[in-house]
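Structure first, then comments.
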2 protein chains.
Amino acid sequence: MLNYQAATPAPLDLAFQALADPTRRVMVERLSQGPASVSELARPLDMTLSAVVQHLAVLEASGLVRSQKVGRVRTCRIEPQMFTAAERWLGERRASWERRFDRLGAFLAETASEEIATEPATSPAAPGARRQRKKT
Amino acid sequence: MLNYQAATPAPLDLAFQALADPTRRVMVERLSQGPASVSELARPLDMTLSAVVQHLAVLEASGLVRSQKVGRVRTCRIEPQMFTAAERWLGERRASWERRFDRLGAFLAETASEEIATEPATSPAAPGARRQRKKT
DNA sequence: CTGATACTTAAGTTAATGCTTAACTATCAG
DNA sequence: CTGATAGTTAAGCATTAACTTAAGTATCAG
């Protein structure tokens with residue numbers, strides 16, 4: 001996974017990556033109903049405790065989940081902030097194309113009785129010679 | 001990546017996985033402002049066209065993006081439905097813990113002058129002997 | 001002290017990812 | 001027809017991810 005962009009993965013990288021796994025989503029679903037211990041999280045899952053601990057590590061690294069150990073049991077809980085961040089990113093994209101649709105609608109309504117030439121807004125795309133390897 | 005749960009990955013797996021990559025998010029950000037050709041998507045990205053095409057394939061497989069080819073240019077655009085699905089999943093989790101917070105608040109307000117014993121709701125956790133390998 | 005519980009940590013294995021080259025296939029302009 | 005555009009496809013390679021075993025380390029109950 002050579003991602004030549006940032007040395008440190010962005011928070012959203014980690015969040016979406018964490019949510020991409022069905023096992024981890026099950027864990028998150030459980031936790032969104034209230035705190036739970038590691039074994040409680042593991043119970044419905046068909047894998048070793050060890051694997052669950054590793055999934056938990058991914059969730060914690062992503063900032064979606066937090067946990068603390070009291071005695072010998074580690075209690076895990078949801079960390080709402082990162083969820084909000086992910087939700088916000090999605091919402092912003094949606095807002096973007098919805099705004100565009102609104103403009104398009106307004107434009108169509110406005111020019112309904114004027115002209116008819118309305119290309120689907122494909123920009124000219126300058127030539128821009130580019131060799132195959134373009135490593136900065 | 002041995003994911004012993006489903007032979008077919010769930011839609012949300014693909015969607016979140018697709019969004020987990022910063023390059024693909026840049027592509028999505030571009031597309032949420034309007035349709036674009038493959039080369040247009042590639043222009044700001046520091047990688048070969050080939051790599052961009054592969055990222056696009058991931059986005060299409062996830063259902064977040066759709067594309068069609070006219071002549072020699074492929075025009076890509078956002079597919080809103082899958083975004084909504086992802087946003088909804090996040091929203092439902094949030095609703096879950098917010099509901100819980102409300103109940104907790106109500107409970108605290110109600111018993112404010114009665115008793116004081118209020119454990120953080122850690123369930124009893126039955127013994128349930130389990131060997132290390134528990135492959136169904 | 002002893003044994004169960006509840007994790008932890010470290011390897012090791014396998015498959016999936018994110019790239020790169022390189023070679024090809026259609027358009028479209030002139 | 002020719003050359004440039006725009007994309008496609010197939011290998012190949014290094015890294016990461018998702019597990020497994022196996023062998024710990026702290027609690028806590030009795």
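In what follows, every chain begins at residue 1, and chains take the letters A, B, ... in the order their sequences are listed. Just so we're clear, the structure is a prediction, and the values are computed from it rather than from any experiment.
Donor-acceptor pairing under 3.5 Å, judged by distance alone, is absent between the side chain of A:Ser39 and the base of C:dT5. Side-chain atoms of A:Gln54 and base atoms of C:dT9 include no donor and acceptor less than 3.5 Å apart.
Residues B:Ile78 and A:Arg93 form no side-chain contact, since every pair of their non-hydrogen atoms from C-beta on lies 4.5 Å or further apart.
Hydrophobic clustering (side-chain heavy atoms under 4.5 Å, transitive across Ile, Leu, Val, Met, Phe, Trp, Tyr) keeps B:Val58 apart from B:Leu56. Linking ILVMFWY residues whenever their side-chain heavy atoms come closer than 4.5 Å, directly or via other members, places A:Val52 and A:Leu59 in the same cluster.
Residue B:Lys69 has no polar side-chain atom (N or O) positioned under 4.0 Å from OP1 or OP2 of C:dA26. Contact check, A:Thr48 against D:dT20: a side-chain N or O comes under 4.0 Å of OP1 or OP2. The shortest distance between the side-chain N/O atoms of A:Ser50 and the OP1/OP2 oxygens of C:dT9 is not below 4.0 Å. Taking side-chain N and O atoms only, A:Arg72 has no distance below 4.0 Å to OP1 or OP2 of C:dA4. Distances shown here put every side-chain N or O of B:His55 at or beyond 4.0 Å from the OP1 or OP2 atom of C:dT17.
Within 6.0 Å of CD on A:Glu29 lie more than 12 heavy atoms contributed by other residues, nucleotides or ligands.
When the P atom of D:dT8 is taken as reference, atom CG of B:Leu56 falls 8 Å away, rounded to whole Å. Computed from coordinates, the A:Leu41 CG to C:dA6 P distance equals 13 Å when rounded to whole Å. Between the CD atom of B:Gln68 and the P atom of C:dA26 there is a distance of 20 Å, given to the nearest Å. Distance CG (A:Leu45) to P (D:dT20): 11 Å, rounded to an integer number of Å. The CZ atom of A:Arg74 sits 12 Å away from the C1' atom of D:dA26 (whole-angstrom rounding). Rounded to whole Å, atom P of D:dT25 lies 18 Å from atom CG of A:Leu49. Computed from coordinates, the B:Met47 CE to D:dC13 P distance equals 21 Å when rounded to whole Å. Spacing between atom CG of A:Leu14 and atom P of D:dT16 amounts to 13 Å, rounded to whole angstrom units.
The listed nucleotides are C:dC19, D:dA17, C:dT9; the one nearest the side chain of A:Gln17 is D:dA17. Out of D:dC19, C:dC7, D:dT8, the shortest distance to the side chain of B:Val53 is found at D:dT8.
Toward the 5' end of DNA chain D, the nearer of the two residues A:Gly71 and A:Ala51, judged by each one's closest nucleotide, is A:Ala51. When each of A:Val70 and A:Arg24 is assigned the nucleotide of DNA chain D with its nearest heavy atom, A:Arg24 is the one assigned upstream, toward the 5' end.
End-to-end axis angle of the helix from C:dC1-D:dG30 to C:dG30-D:dC1, from C1' rotation axes over five pairs per end: 30° (rounded to 10 degrees).
A distance of 5.5 Å separates CD of B:Glu87 from CG of A:Leu90, quoted to the nearest 0.5 Å.
Side-chain atoms of A:Gln17 and A:Ser62 form no donor-acceptor pair, as typed in the model, at a separation below 3.5 Å.
Classification of the B:Phe16-B:Trp89 ring pair by plane angle, with boundaries at 30° and 60°, yields perpendicular.
A donor-acceptor pair under 3.5 Å is absent between the side-chain atoms of B:Arg24 and the main chain of B:Leu19, judged by distance alone.
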